[in-house]
Protein chains: 2
Amino acid sequence: MRDDYLVKPVLKAMQVLDCICSSDQALSLQHVSVEVALPKTTVFRYLRTLVQSGLLSYDPERDVYGVGLKIITWGRSNARLRNLRDVCIPHMRALRERFGETVNLGVLDGAEIVYIEIAESQHALRMQAKIGGRDPAYTTAIGKAVLSQMPEDERLRHIPPKLRARTGRTLRSLAQLALELDRARTQGFAEDNGENEEGSICVGVPIVDPAGAPIAGMSISAPAARLDAARKAQFASMLRRVAGEISAGLDAPRPKMMTPIRRQA
Amino acid sequence: MRDDYLVKPVLKAMQVLDCICSSDQALSLQHVSVEVALPKTTVFRYLRTLVQSGLLSYDPERDVYGVGLKIITWGRSNARLRNLRDVCIPHMRALRERFGETVNLGVLDGAEIVYIEIAESQHALRMQAKIGGRDPAYTTAIGKAVLSQMPEDERLRHIPPKLRARTGRTLRSLAQLALELDRARTQGFAEDNGENEEGSICVGVPIVDPAGAPIAGMSISAPAARLDAARKAQFASMLRRVAGEISAGLDAPRPKMMTPIRRQA
DNA sequence: ATCTGCTATTTCGCTTTGCGAAACCCTAGG
DNA sequence: CCTAGGGTTTCGCAAAGCGAAATAGCAGAT
C-alpha cells in the first residue's frame, strides 16, 4: 500500500514511538534523535507530543522517555485476537495439563510470528517465549505451520529474502524450507528441531478460517531432553485435533486481518 | 506539562489511534471520523499513515481499521514494569497457591489503576480483571493502597473531581475517601468491600520505593461469600509481608515514572 | 567556587506541506 | 438503470512544522 496520503509528521513521530517502545529501557532525547536519524528539535517536539497523548511516559529526574501505560491497555484490546485467544485458552490449558509442557499461540505479522498467548509449563526447565514476543516465521513450528497453508506467492511475502541462521540447525535455503513446508502441509503439522532456539523442540499446527486460510498457529514446545519421537507424535495428533475443533468453531466472525509486510532490517 | 511544542498532526493522529485501540472492534473511516470529530479527509490520511507505520491493521474486505500487532508487542516491553512484574510474579503465584484466590498487581495511571499482572484463582467463581484493564483508583483496594501512601496534594491529582458510584457501596464523598485512606495508611492495607464490583471484596497493599513513594499495589480479591473477616485479616498480613519483601528488593533501579494526569471523560 | 562540555530548551523566519471543502468514484441495494 | 452512502482524489491557501543556531541548565572536573 504505497501512498501519497502519508502525513510525514505522524510517520516520523511513529518512528520515534517505535524506537522507544522497542527499547528495553527509557531513552534520552539525544539517544532517540541519533537512533531515528532526525534532528534533535524535531524529536523533542514529538516526544513532548507523545507524552501529552499518554503514549509515552516521562521521567523528569533522568530526562528519559519510556513506554506509556496506555499502550499496555491497548495491547490487550484487539478484539479479533482476544476472541481468538478466548477460544484457544481453554484448549491450551488442557494441553498443558495433559502434557505438562508449554503451549503457544501465535499469529503472523509480516515475516515474524507474534505470540499472543502462552500457557506455561510448570517444569523448572522450560522454553520461555513471552506474550508479544517475536520470532522469524521460518524458524518456528507455528510459523511453518501457518506458512504451509498458504499459496506459494503469498508465502513468499512472509519469508525474508535471506534466511539468517538462529542456531546450527536453522534452514538456510528457500529450497530446504519449501520442502519442509510441503511436508508440513501433507502431514498436517510442522516441527522445529532446535532451529529457533538451541535445544528447544516444537510441534505446531495451523488454525484456519472456514475458507482454509491460516490465521494463527498453536504449538507445544519442550526441551529436546523431554521429547522423543513417540511423544512428539502424541503432541502432533492432539494438536491437530484441537486445531480442528478451533478452526471449526471460527465460522461466525471473520478473523482475517491484513497487516502490511514488515520491512526487513 | 502544558506545552507550546505540541505537533498538532501527531496529537490528532493519536486521538485517532486511541479511538481505534479503545474500541473492541475494527472501525470504519466514517465511524472514526465522527467519533474524534475531525474531517473525513484528515482522518483518512492518519489512518493510512498509521497502517503504514504498523500501528493499525487494515481489513480491505470490510474497509475497517483495527489494532496492529506491533502494539501488542510493545505492551509487554516496558522494562520497568516488566522488572516489577518479574519480581512480583513468584510472590503472586505463591499467594494464589496458598489462598486459592486471584492476586492482582496494578499501577496508578492518572486517576485509574492499570492491572499489569494477574495470578488467577482456579475457582469457577472468581473476579476476573484483565491485564491492561482499568478501574478508578478510588474504588479499588490497590488504588486506595497506593493513594494512602501519597502526600495530600499529590493524592488529589489522582482523584477525579466527582466520585461516581460503581456500586451501591462506592464512596461518594472526598471526606469519606480521606478517612478511608487514613485508615488504610495506619493499618497498612486497604479494603474494597464491593465498592468497585458488586459482591467482590479485595484487600490491597502498597509497594513502595526506597524513598517510601508508592509505585504499585498488590491485592487479593475474592467473592464476598468466600471471604469472612478472619480470612481477610490473613490476606492482609500475608500481603503486607510480601509487599515489604518486594519493596525492600527495589533499591537498585529507580522505578518512579511520571505519567501525565489523565483528563476526565 | 569557577570552568567546561554536554544536553535539553527556546527562538525565529522560511516555505514546506498539512488541511478540508468539494468534486469524484465505486460498490451495494432497489 | 438509478440512488445512496461510503471511500478516494483534487486543489489552492495559509497555517504551522521545520531545523540551524543561540540559549540555558546541569553535571563533573580542575
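All values reported here derive from a predicted model rather than from experimental measurement.
Atom CD of Glu117(A) sits about 4.0 Å away from atom CD1 of Ile89(A), to the nearest 0.5 Å. The CG atom of Leu81(A) lies 10.5 Å from the CG atom of Asp86(A); values are rounded to the nearest 0.5 Å. In this structure, the separation between CD1 on Ile207(A) and SG on Cys88(A) is 4.0 Å, given to the nearest 0.5 Å. The structure places CG of Asp59(A) at 12.0 Å from OG of Ser28(A), a figure rounded to the nearest 0.5 Å. Rounding to the nearest 0.5 angstrom, the gap separating the OH atom in Tyr46(B) from the CD1 atom in Ile20(B) is 13.5 Å. Between the NZ atom in Lys70(A) and the CZ atom in Arg134(B) there is a gap of 7.5 Å [rounded to 0.5 Å].
A heavy atom closer than 4.0 Å to some atom of DNA chain D occurs in Pro39(A), Thr41(A), Thr42(A), these being the qualifying members of residues 31-43 of chain A. Taking a 4.0 Å limit (strictly below) on heavy-atom distances, residues 8-15 of chain A reaches DNA chain C at Lys8(A), Pro9(A).
Residues passing the side chain to side chain donor-acceptor pair (under 3.5 Å) test with Thr49(B), sequence neighbours excluded: none. By the side chain to side chain donor-acceptor pair (under 3.5 Å) test, Thr139(B) is found to be paired with Asn196(B), residues two or more places apart in sequence or in another chain being considered.
Atom CD in Glu61(A) sits about 11 Å away from atom P in dA27(D), given to the nearest Å. Atom-to-atom, CG of Asp63(A) to P of dG25(D) comes out at 13 Å; the value is rounded to the nearest Å. Between the C1' atom of dA16(D) and the CZ atom of Arg45(A) lies a distance of 10 Å, rounded to the nearest Å. For Tyr46(A) and dA16(D), the OH to C1' distance is 12 Å, given to the nearest whole Å. What separates CZ of Arg62(A) from C1' of dC26(D) is a distance of 16 Å, to the nearest Å.
Checked for salt-bridge contact, Glu152(B) and Arg155(B) meet the test: a charged N lies under 4.0 Å from a carboxylate O.
Side chain of Thr140(B) to backbone of Ala137(B): a donor-acceptor contact under 3.5 angstrom is found.
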Under 3.5 Å donor-acceptor pairs involving side-chain atoms of residues 210-217 of chain A, not counting sequence neighbours:
none

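For DNA chain C, the contact window with chain B, defined by any atom under 4.0 Å from a protein heavy atom, covers dT10(C) to dA22(C) in 5' to 3' order.
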